[in-house]
Protein chains: 2
Amino acid sequence: MAQTRRERLRLETIEEIKITAWKQIGEQGAASLSLRAIAREMGMTAPGLYRYYKDRDALVTALVMDAFSSFTNRLETGRDAYPVTDHTGRFRGMCRAYFQWAMENPQRYMLLFGTPIQGYLFAEELGPVAQRSFLVLQGVIGEAFVAGKIKGEVVGLKLPTSLKVQYEALRKFGMPYTGTVTQLALSVWSMIHGMTSLYLYNYLAGFLQEGVGAFVEFEIEKMIAIIGLE
Amino acid sequence: MAQTRRERLRLETIEEIKITAWKQIGEQGAASLSLRAIAREMGMTAPGLYRYYKDRDALVTALVMDAFSSFTNRLETGRDAYPVTDHTGRFRGMCRAYFQWAMENPQRYMLLFGTPIQGYLFAEELGPVAQRSFLVLQGVIGEAFVAGKIKGEVVGLKLPTSLKVQYEALRKFGMPYTGTVTQLALSVWSMIHGMTSLYLYNYLAGFLQEGVGAFVEFEIEKMIAIIGLE
DNA sequence: CTCGAATAGTTTACACTGTTTACAGTTTAT
DNA sequence: ATAAACTGTAAACAGTGTAAACTATTCGAG
């Protein structure tokens with residue numbers, strides 16, 4: 001017997017807690033997430049939740065992990081809409097997926113990449129999950145690089161030795177690509193994240209009413225041109 | 001008599017509240033800013049603070065405004081370390097100032113560009129102050145453009161009409177530069193903000209221990225090269 | 001200088017929050 | 001059937017922001 005009745009109920013409750021939490025985050029933002037409100041909506045008392053999560057931070061960590069895998073899955077889906085040989089398409093698909101996921105899940109994105117909530121410190125177990133999403137980006141660029149499809153002048157720009165040293169050190173810990181690729185990936189990530197978060201925090205609203213999509217599209221094409229993706 | 005005794009004390013108290021608030025934000029982060037804690041440290045009771053700020057949000061707004069002007073001043077100082085004819089220098093100086101200010105005032109930066117705290121909605125009176133900091137960036141690029149010192153191919157990339165239309169509409173509201181300049185400025189802002197916030201939120205720590213400075217420097221030079229600043 | 005008004009601050013109170021402890025009820029395994 | 005494990009509640013503690021009532025101080029005008 002794989003699963004007793006109680007175990008099943010337990011998993012369902014854990015799920016219901018998270019669903020209720022996301023619902024409230026969607027309605028009122030991540031910062032005002034309240035255990036008591038969750039319990040209230042679930043028809044139970046607040047201390048009961050402590051049977052499922054050690055404390056508020058543990059719940060937040062679980063939410064962040066779920067959000068990260070949803071996010072990463074979306075990046076992969078966007079990438080895989082194009083064949084493995086179409087490096088430009090895969091890059092474009094992934095970038096679009098990034099921004100679209102953020103637009104559809106603004107609160108979730110802020111939870112991942114915004115100011116840590118209420119003294120919430122990045123939990124230990126979160127590292128690997130967070131890196132997985134970066135690996136998608138790095139992979140797209142890395143595979144293009146390996147295939148010789150990155151022909152922009154940026155490749156020529158010599159990395160300062162201080163950076164090269166650090167990136168090379170990472171290779172001994174399993175980093176699969178060269179320093180140039182890592183630098184490019186971090187650069188692209190910064191750009192996409194910058195556009196996304198400026199948009200989500202309403203700093204672009206004064207300049208672009210409905211044209212944010214066009215702005216992002218344009219900048220994606222610019223990145224492709226700069227990298228020299230083929 | 002320019003200022004009565006009571007008026008002087010009042011201004012001093014307002015100042016002391018803000019100083020105390022910044023002290024606590026620096027120690028424990030912006031999210032856990034507490035009126036009661038501020039009052040406690042000042043040797044008074046919490047409701048007393050309401051004589052000076054309508055509520056917690058009003059205090060936050062005041063803090064954000066102060067932070068913005070400190071930030072903007074720093075950008076201007078960084079820019080003005082180079083003569084008006086040295087557009088590249090001014091751009092570089094401003095970018096460096098941006099990142100350095102954020103590194104020295106991480107909590108302040110997060111307050112400006114991070115997730116809005118506790119249902120705190122961007123206050124009305126904040127718009128102009130926020131835009132002033134963007135105008136510095138736009139001005140540096142705009143002046144270079146006017147002087148014909150932007151010779152990169154990006155200038156050639158044709159803006160989609162949907163974007164062009166929006167930027168041109170802004171010109172009737174006092175926007176001093178062309179659409180190309182605005183697009184470039186928004187792009188550069190996205191990049192710097194992206195690097196800065198990824199760094200501040202510790203997402204770069206896994207890749208770059210002490211080398212963040214080198215990373216940012218490198219990307220600044222890349223932007224200069226891409227824009228074709230001379 | 002005196003008196004009424006404005007201001008500054010305290011006390012008290014309310015409605016929230018996360019969390020702990022002690023206890024009761026239910027389910028499971030032996 | 002019984003003991004152990006688990007799930008939940010009730011009560012309580014220490015925080016929080018904020019409102020109302022009240023007191024003490026300071027100010028400007030007569």
Side-chain angles (χ1 to χ4, degrees), chain A residues 1-18 20-21 23-25 27-64 111 115-121 123, chain B residues 1-18 20-21 23-25 27-64 111 115-121 123:
Chain A
M1 152 180 137
Q3 183 175 249
T4 153
R5 170 182 153 74
R6 196 140 73 178
E7 281 167 357
R8 202 195 66 225
L9 288 179
R10 176 161 241 277
L11 291 182
E12 285 177 8
T13 307
I14 289 185
E15 202 52 32
E16 190 188 346
I17 293 174
K18 290 198 288 194
T20 314
K23 190 179 155 197
Q24 300 197 356
I25 287 179
E27 289 165 358
Q28 310 168 13
S32 59
L33 183 130
S34 151
L35 289 187
R36 291 186 113 112
I38 293 172
R40 213 177 300 134
E41 185 155 339
M42 290 178 63
M44 64 187 286
T45 58
L49 297 179
Y50 284 75
R51 298 283 169 197
Y52 302 92
Y53 293 100
K54 184 184 153 291
D55 55 18
R56 192 173 171 278
D57 280 2
L59 171 58
V60 171
T61 300
L63 294 175
V64 171
L111 191 59
T115 311
I117 337 183
Q118 282 286 34
Y120 171 76
L121 272 191
Chain B
M1 89 145 196
Q3 182 176 251
T4 152
R5 169 185 154 75
R6 201 145 63 179
E7 282 168 355
R8 203 195 66 225
L9 287 179
R10 174 159 242 279
L11 291 182
E12 285 178 8
T13 307
I14 289 184
E15 202 51 35
E16 191 187 347
I17 293 174
K18 290 198 287 195
T20 315
K23 190 178 156 198
Q24 299 196 357
I25 287 179
E27 289 166 357
Q28 309 168 15
S32 59
L33 183 131
S34 152
L35 290 186
R36 291 185 113 111
I38 293 173
R40 213 177 301 134
E41 184 153 340
M42 289 178 63
M44 65 187 285
T45 59
L49 297 179
Y50 284 73
R51 298 283 165 191
Y52 302 92
Y53 293 100
K54 183 186 153 291
D55 55 17
R56 193 170 170 280
D57 280 2
L59 171 57
V60 171
T61 300
L63 294 175
V64 171
L111 191 60
T115 311
I117 0 181
Q118 282 284 32
Y120 170 76
L121 273 192

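If you're wondering where the values come from, they're calculated on a predicted model, not measured in any experiment. Residue numbering restarts at 1 for every chain, and letters A, B, ... go by the order of the sequence lines. Computed from heavy atoms alone, side chains included, the values below leave out hydrogens, waters and symmetry copies.
- With rounding to whole Å, A:L59 atom CG is found 10 Å from C:dT19 atom P.
- You'll find the side chain of A:Q24 stays beyond 4.5 Å of the side chain of A:L33, heavy atoms only.
- If you check every strand for non-hydrogen atoms under 4.0 Å, B:T45 touches a base.
- Fit an axis to the five pairs at each end of the helix from C:dC1-D:dG30 to C:dT30-D:dA1 and the two axes sit 0° apart, to the nearest 10 degrees.
- In this structure, CZ of B:R40 is placed 14 Å from P of C:dT10, rounded to the nearest angstrom.
- Remark: P of C:dT26 and CD of A:E7 are 21 Å apart, rounded to the nearest angstrom.
- Among the nucleotides D:dG17, C:dT17, C:dT7, the one closest to the side chain of B:Y50 is D:dG17.
- Picking from C:dT7, D:dT9, D:dT16 the nucleotide with the shortest atom distance to the side chain of B:R10 gives C:dT7.
- Computed from coordinates, the A:L35 CG to D:dG15 C1' distance equals 15 Å when rounded to whole Å.
- A:L33 has its CG atom 17 Å from the P atom of C:dC16, to the nearest Å.
- In this structure, CZ in A:R10 is found 9.5 Å from CZ in A:R6, a value given to the nearest 0.5 Å.
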**Message:** Does the protein touch nucleotides 20-26 of chain D at the base, only the backbone, or not at all? Give it as B, S and - per nucleotide, heavy atoms under 4.0 Å.
**Reply:** B----BB
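- Using a 4.5 Å heavy-atom threshold, the side chains of A:R5 and A:L9 count as touching.
- Atom P of nucleotide C:dA8 and atom CG of B:L11 are separated by 10 Å, given to the nearest angstrom.
- At whole-Å resolution of the value, CD1 in B:I14 and C1' in C:dT7 are 13 Å apart.
- A distance of 10.0 Å separates CD in A:E15 from OG1 in A:T20, rounded to the nearest 0.5 Å.
- Counting heavy atoms from C-beta on, the side chains of B:Y53 and B:L35 never come closer than 4.5 Å.
- The residue from B:K18, B:E12, B:E16 that alone fulfils the side-chain contact (heavy atoms from CB on, under 4.5 Å) condition with B:I14 is B:K18.
- For the pair B:L49 CG and C:dG9 P, the computed distance is 9 Å after rounding to whole Å.
- Side-chain contact between A:L49 and A:M44 is present, with at least one heavy-atom pair separated by less than 4.5 Å.
- Inter-residue side-chain proximity for B:M42 and B:T13 is flagged as met; some heavy-atom pair is nearer than 4.5 Å.
- Residue B:T13 is the one, among B:R36 and B:T13, whose nearest nucleotide of DNA chain C lies closer to the 5' end (criterion: closest heavy atom).
- Between A:A37 and A:S34, the shortest heavy-atom distance links the atoms N-OG, 3.0 Å.
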